[in-house]
Asks: 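My questions will all concern the structure given below.
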Amino acid sequence: MRYWLMKTEPDVFSFDDLLRAPKKTTSWEGVRNYQARNFMRDDFKVGDLVFIYHSNAGDETGIAGIAEVVKGAYGDQAAMNPKSPYFDEKSAKAGASRWVVVDVRAVRKFKTPVTLSQIKSTPGLERMAVVQKGQRLSVQPVTPQEWGIIEKAAD
DNA sequence: GCCAACGTTGGC
DNA sequence: GCCAACGTTGGC
C-alpha cells in the first residue's frame with residue numbers, strides 16, 4: 001500500500017465535513033490537474049492512506065487527519081454538470097469526463113493539526129512537496145518515512 | 001488582498 | 001510546436 005497527501009480548502013470541504021458525511025465517506029471531487037489525476041487514476045489503491053491537508057486555513061494550515069481510500073478511480077461526474085463549480089466544458093462536449101474521483105473515508109482526526117510551519121521545521125520532512133515553494137500539486141505521494149514522522153508529531 | 005509560481009489555452 | 005496571455009493556487 002502507499003501513502004498520499006491531498007489538499008483541500010476547509011472553507012470548501014474540511015476534515016470535519018468528511019467526518020459528518022454519510023459513512024464518513026466522500027468522493028474527492030474537483031481535482032483538475034493532470035498530474036494529480038494520474039496519481040489517483042493510476043496509483044491509488046483501496047487501502048492506501050491519505051493525509052488530508054487544509055490549505056488557506058491561517059494558523060490551522062496543515063495536516064488535519066487521516067483518510068483511507070475505499071474506492072479506486074472513476075469518472076468525476078461533477079465535470080459533466082453545468083451547475084457544478086467543477087464543471088468542465090471539454091468533458092461535457094466530449095460526452096465523457098476526463099477527470100476522476102476516488103472515494104475516501106475518514107480514519108482519524110488529529111487532536112491538533114500538524115501545521116505547515118511544523119512540517120517545515122521538522123527534520124526528515126524537508127523534501128515533502130507541500131513545503132516546496134510554488135508547489136501546487138493537490139495530490140502528492142508521501143514516503144513511509146515521512147508518514148511515520150508526521151503521525152508521531154500528531155500524537 | 002497581494003502576488004509569485006505554475007499550468008493551461010489557443011493563436012500563429 | 002512555440003510561447004504570450006490568462007487563470008488558478010495558496011502562502012503570507
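Each chain gets a letter, A, B and so on, in the order its sequence line appears, and its residues count up from 1.
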Asks: Decide whether A/Ile66 and A/Ile63 are clustered together by the hydrophobic rule: side chain heavy atoms of Ile, Leu, Val, Met, Phe, Trp, Tyr closer than 4.5 Å, transitively.
Replies: yes
Asks: Name all residues meeting the side-chain contact (heavy atoms from CB on, under 4.5 Å) criterion together with A/Arg98; count only those two or more places apart in sequence or in a different chain, and write none if there are none.
Replies: A/Tyr34, A/Arg37, A/Asp88, A/Lys90, A/Ser91
Asks: What does the B/S/- profile of nucleotides 3-12 of chain C look like, 5' to 3', with a 4.0 Å heavy-atom cutoff to protein?
Replies: ----BBBBBS
Asks: Fit a plane to each ring of A/Phe39 and A/Trp4, take the angle between them on a 0 to 90° scale, and name the class: parallel (under 30°), tilted (30 to 60°) or perpendicular (over 60°).
Replies: tilted
Asks: Could you list the residues that satisfy side chain to side chain donor-acceptor pair (under 3.5 Å) with A/Asp17, not counting sequence neighbours?
Replies: A/Ser14, A/Arg20
Asks: Need one value for A/Arg98: base, sugar-phosphate or nothing, where a base atom within 4.0 Å counts as base even if backbone is also close, heavy atoms only.
Replies: sugar-phosphate
Asks: Got a sec? Which of residues 82-89 of chain A come in under 4.0 Å of DNA chain B, heavy atoms?
Replies: none
Asks: Sequence neighbours left out, what passes side chain to side chain donor-acceptor pair (under 3.5 Å) with A/Ser138? Give chain and number order.
Replies: none
Asks: With sequence neighbours excluded, what pairs up with A/Lys71 under the side-chain contact (heavy atoms from CB on, under 4.5 Å) test?
Replies: A/Tyr74, A/Asp103
Asks: Is the shortest distance from a Lys or Arg side-chain nitrogen in A/Asp42 or A/Arg2 to a carboxylate oxygen in the other one below 4.0 Å?
Replies: no
Asks: Quick one: pull up CD in A/Glu60 and OG in A/Ser55 and give me the separation to the nearest 0.5 Å.
Replies: 13.0 Å
